[in-house]
Amino acid sequence: MSELKIYNSYSRQKEVFTSLTPGHVGMYVCGPTVSGESHLGHARPYITFDVIYRYLMHLGYKVRYVRNITDAGHFEEEGREAEDKISKKAVLEKLEPMELVQKYTNLYHWAMEQFNTLKPTIEPTATGHIVEQVGMIEELINAGYAYVSNGSVYFDVKKYAANHDYGKLSGRVLDDLLEATRELEGQDEKKDAADFALWKNATPEHIMRWKSPWGVGFPGWHIECSAMATKYLGAQFDIHGGGMDLLFPHHESEIAQSTICNHTAPVRYWIHNNMITIDGRKMGKSYNNVIKLTELFSGDHPLLAKAYHPMVIRFFILQTHYRSTLDFSNEALQASEKGLKRLWEAYEKLRAMSYEPREGNLDAELEARSSKLIAEFKEFMNDDFSTAKVLANMFELAPVINSMKDKTIPVSALSKETFELLQQQMKVYVEDILGLKSVNEADNSTLQGVMQLLIDIRREAKSKKDFATSDKIRNQLAQLGISLKDEKDGSMNWSFESL
RNA sequence: GGUCCUUUGGCCGAGUGGCUAGGCUCAGCUCUGCAAAAGCUGCUACGGCGGUUCGAAUCCGCCAGGGACCUCCA
């Protein structure tokens with residue numbers, strides 16, 4: 001029995017996973033900033049960590065999965081313009097800040113539902129935890145690692161670095177950071193360029209503001225995660241996840257803050273997903289190459305050849321390892337679309353099949369190969385969540401399943417145990433762990449009934465060699481976007497053509 | 001400029017020093033009233049140069065390309 005190994009960004013190597021409290025896992029994942037719509041790039045961490053969450057539960061852990069909503073807004077460029085993203089946009093859209101935040105939070109939740117991600121067990125908001133953040137900042141000041149300047153509070157990085165290894169997570173050297181000083185307004189409030197804001201004094205035009213011991217202002221970006229993670233997961237917890245671009249300064253700062261307040265390293269395993277790229281370049285606002293999720297689902301974007309179903313996106317993301325970059329292209333997405341369809345159809349066939357024992361049919365080679373492929377699901381997931389390899393194995397099993405359905409291979413070529421294990425494990429991995437679901441939204445019993453009627457009529461016509469009628473039914477349905485397939489065993493299947 | 005990562009067949013991608021990953025595309029065949037699907041077969045790659053090794057896509061060095069972070073960023 002292999003054990004779960006996770007690549008820890010902090011140690012830069014794979015480590016055997018053990019949880020702090022036996023049977024329980026505490027996991028924190030950086031959630032969205034709800035100042036705008038989520039794009040394809042954002043989908044990656046949520047799907048990646050959804051699978052990790054699902055897998056940990058599959059392993060029997062009780063997981064507390066905390067994913068925050070950043071609704072308090074941060075600086076576009078610290079110190080340069082005293083306007084945070086959210087309040088700026090609110091003015092543009094003539095909405096109350098919280099109205100805007102609510103709108104994008106709803107949209108985000110909707111998108112997550114499309115992706116079939118499980119809800120976190122706690123989804124705290126930054127604005128709902130101002131008290132905790134202020135409290136933590138006070139602790140930092142009392143400990144001597146933060147100082148007040150002009151109504152703002154900064155973390156003293158140099159002091160922290162003197163007795164802690166600041167920069168270890170992101171591979172940074174403090175001296176380099178101090179040298180890389182940039183000429184920014186407001187920098188003079190800080191003792192050192194490397195210091196980061198814990199609390200910012202709010203200028204009059206800044207709409208989101210709270211009272212604090214240092215005046216009216218708003219929390220710095222990094223403190224929310226430290227405060228909320230500590231509150232819900234404790235001083236030290238098992239897993240912290242997020243995109244690789246958050247490594248610095250965000251997570252590095254989190255470590256520093258939490259270490260001082262909690263007197264221990266906050267996180268045992270840091271997990272970071274890589275970026276989704278377009279033409280080899282990271283998808284991001286600053287590159288102007290963003291494809292929003294709503295656009296992806298509707299196909300309404302100049303870069304998109306067509307609309308893509310959320311499950312196709314999910315599958316696309318799972319087909320590569322989470323620590324590799326993943327390059328977007330219509331070609332790649334369409335390849336995923338077809339692959340997913342093939343896999344899902346094989347899976348559905350398997351579900352509908354039942355074992356028929358028959359003497360002397362056992363194919364020892366197939367039996368051995370199949371059991372190995374099934375057993376490897378777990379092995380691959382245990383190896384730093386290698387979903388791509390799990391899928392590869394499933395694709396190797398697909399021809400076996402399809403051949404059984406077509407009766408090219410008897411079901412009894414496998415032993416009853418292996419066949420049933422195949423059925424059971426495919427269900428567990430396809431649905432429970434990888435979180436895939438049907439792309440056919442035909443859970444409509446009326447439509448099911450109508451289709452069954454057409455299939456019956458067509459079958460009768462075929463049996464009378466009335467091909468004009470049978471073809472008419474199939475062709476007309478095709479025009480409606482429904483494809484009808486004759487299976488080799490005499491049954492007929494239908495599905496929506498365009499996913 | 002600093003730090004780090006990466007470079008695989010037509011495309012996307014996995015990869016442990018020795019054994020065909022997988023998907024998509026393409027070609028051929030089988031099945032089929034036809035179609036679609038499915039099955040089978042074929043297409044055998046590892047940026048360049050050098051080194052270590054019995055043996056390297058996999059380790060080391062140099063060169064070249066690409067990228068990420070250093071600033072909000074999944």
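None of the values given here were measured: they were computed from a predicted structure.
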**Study point:** Short side-chain to backbone donor-acceptor contact, A:Asn393 and A:Val390, under 3.5 Å
**Key:** no
Check your understanding: When Watson-Crick pairs (N1 to N3 and N6-O4 or O6-N4) and G-U wobble pairs (N1-O2 and O6-N3) count only below 3.5 Å on both distances, what is the dot-bracket string of RNA chain B, with | for other-strand pairs?
Key -> (((((((..(((.....[...))).(((((.......)))))....(((((..]....))))))))))))....
Check your understanding: Within the structure, does a side-chain N or O atom of A:Lys338 lie under 4.0 Å from either OP1 or OP2 of B:rU25?
Key -> yes
Review point. What distance, rounded to whole Å, do you find between the two P atoms, one in B:rA14 and one in B:rC59?
Key: 16 Å
Practice item. Could you tell me whether A:Arg474 contacts a base, only the sugar-phosphate backbone, or nothing, with contacts defined as non-hydrogen atoms closer than 4.0 Å? Key: base
**Study point:** Atom C1', compared across B:rA68 and B:rU58: separation rounded to whole Å
**Key:** 23 Å
Review point. If you look at every strand shown and take non-hydrogen atoms under 4.0 Å, does A:Leu484 touch a base, only sugar-phosphate, or nothing?
Key: base
Review point. Is there a side-chain polar atom (N or O) of A:Arg342 under 4.0 Å from OP1 or OP2 of B:rG23?
Key: yes
Practice item. Would you mind telling me which of B:rA36, B:rG15, B:rC69 lies closest to the side-chain atoms of A:Lys389? Key: B:rG15
**Study point:** Rounded distance in Å between the C1' positions of B:rU7 and B:rA57
**Key:** 11 Å
Practice item. Please state whether the phosphate of B:rA14, meaning OP1 or OP2, lies under 4.0 angstrom from any side-chain nitrogen or oxygen of A:Ser324. Key: yes
Exercise for review: Would you indicate what A:Asn393 reaches in the nucleic acid, counting non-hydrogen atoms under 4.0 angstrom: base, sugar-phosphate, or nothing?
Suggested key: nothing
Practice item. Name the closest nucleotide to the A:Leu246 side chain, picking from B:rA74, B:rA21, B:rC34. Key: B:rA74
Point to revise | Side chain A:Thr325, main chain A:Met275, donor-acceptor under 3.5 Å | key: no
Practice item. Using a strict cut-off of less than 4.0 Å between a Lys/Arg side-chain nitrogen and an Asp/Glu carboxylate oxygen, indicate whether A:Asp486 and A:Arg458 qualify as a salt bridge. Key: yes
Practice item. Verify the stacking flag for A:Phe467 against B:rG33: centroid separation must be under 5.5 angstrom and the ring planes must differ by under 30 degrees. Key: yes
**Study point:** Candidate nucleotides B:rC11, B:rG33, B:rA74, ranked by approach to the side chain of A:His42 - the nearest
**Key:** B:rA74
Review point. Any N or O donor-acceptor pair linking the side chain of A:Asp327 to the base of B:rG13 at under 3.5 Å?
Key: no
**Study point:** Side-chain donor/acceptor of A:Asp486 to base of B:rC34, under 3.5 Å
**Key:** yes
Practice item. Indicate yes or no for a side-chain donor-acceptor contact from A:Arg314 to the backbone of A:Gly435 under 3.5 Å, with no hydrogens or angles considered. Key: yes
**Study point:** Side-chain donor/acceptor of A:Asp238 to backbone N/O of A:Met27, under 3.5 Å
**Key:** no
Exercise for review: Classify the side chain of A:Lys488 and the base of B:rA38 as holding, or not holding, a donor-acceptor pair under 3.5 Å.
Suggested key: yes
Review point. When you measure from the side chain of A:Pro399, which nucleotide among B:rG39, B:rA74, B:rC70 comes out closest?
Key: B:rG39
Check your understanding: Quick one: does A:Arg44 reach the base of B:rA74 with a side-chain donor-acceptor pair under 3.5 Å?
Key -> no
Review point. Taking OP1 and OP2 of B:rG39, is either one under 4.0 Å from a side-chain nitrogen or oxygen of A:Asn402?
Key: yes
Review point. Across the strands shown, which category fits A:Leu333 at heavy-atom distances under 4.0 angstrom: base, sugar-phosphate, nothing?
Key: nothing
Check your understanding: If you measure from the C1' atom in B:rA21 to the same atom in B:rG15, how many Å do you get, rounded?
Key -> 7 Å
Exercise for review: Using a 4.0 Å heavy-atom cut-off across all strands, classify A:Ser403 as base, sugar-phosphate, or nothing.
Suggested key: sugar-phosphate
Review point. Counting any heavy atom closer than 4.0 Å, what does A:Arg369 reach on the DNA or RNA strands: base, sugar-phosphate only, or nothing?
Key: nothing
Review point. What is the nucleic acid contact for A:Met394, judged by heavy atoms within less than 4.0 Å: base, sugar-phosphate only, or nothing?
Key: nothing
Review point. If you look at every strand shown and take non-hydrogen atoms under 4.0 Å, does A:Asn273 touch a base, only sugar-phosphate, or nothing?
Key: base
**Study point:** Flag, side chain of A:Gln423 to backbone of A:Leu350, donor-acceptor distance under 3.5 Å
**Key:** yes
Check your understanding: For atom C1', what is the distance between B:rC19 and B:rC60, given to the nearest Å?
Key -> 25 Å
Review point. Taking atom P in both B:rG67 and B:rC12, what distance in whole Å separates the two?
Key: 15 Å
Practice item. Determine, stepwise, if the pair A:Tyr46 / A:Tyr108 fulfils ring-ring contact (aromatic ring centres under 6.0 Å, His included). Key: CA-CA 11 Å; A:Tyr46 306 133; A:Tyr108 163 75; 5.4 Å; yes
Point to revise | Separation between the C1' atoms of B:rG22 and B:rA36, rounded to whole Å | key: 24 Å
Review point. Across the strands shown, which category fits A:Asn493 at heavy-atom distances under 4.0 angstrom: base, sugar-phosphate, nothing?
Key: nothing
Exercise for review: Mind checking side chain to side chain donor-acceptor pair (under 3.5 Å) for A:Ser226 and listing every partner two or more places apart, or none if nothing turns up?
Suggested key: A:Gln257, A:Ser258
Exercise for review: May I ask you to decide if the ring planes of A:Phe17 and A:Tyr269 are parallel, tilted or perpendicular, using 30° and 60° as cut-offs?
Suggested key: tilted
Exercise for review: Answer yes or no: does atom CG of A:Asp489 have more than 12 heavy-atom neighbours from other residues, nucleotides or ligands under 6.0 Å?
Suggested key: yes
**Study point:** Atom P, compared across B:rG61 and B:rU52: separation rounded to whole Å
**Key:** 15 Å
Between N or O atoms, less than 3.5 Å apart, protein on one side and nucleotides 3-7 of chain B on the other: list the pairs.
from	atom 1	to	atom 2	distance (Å)
B:rU3	O2'	A:Gly171	O	3.0

Check your understanding: Would you say A:Lys158 has more than 12 foreign heavy atoms packed within less than 6.0 Å of its NZ?
Key -> no
Check your understanding: Within the structure shown, what part of the strands sits under 4.0 Å from A:Phe380 by heavy-atom distance: base, sugar-phosphate, or nothing?
Key -> nothing
Exercise for review: Side chain of A:Thr320 only, please: which of B:rC69, B:rG23, B:rG13 is the nearest?
Suggested key: B:rG13
Check your understanding: Would you say B:rA38 has OP1 or OP2 under 4.0 Å from some side-chain N or O of A:Lys407?
Key -> no
Review point. Base, sugar-phosphate, or nothing: which does A:His272 touch, judged by heavy atoms less than 4.0 Å apart?
Key: nothing
Review point. Side chain of A:Leu326: nearest nucleotide among B:rG33, B:rC72, B:rG13?
Key: B:rG13
Practice item. Look at all strands and tell whether A:Thr48 reaches a base, only sugar-phosphate, or nothing, counting heavy atoms closer than 4.0 Å. Key: nothing
Review point. Within the side chain of A:Arg44, is there an N or O that forms a donor-acceptor pair under 3.5 Å with the backbone of A:Asn274?
Key: yes
Check your understanding: If you look at every strand shown and take non-hydrogen atoms under 4.0 Å, does A:Glu396 touch a base, only sugar-phosphate, or nothing?
Key -> sugar-phosphate
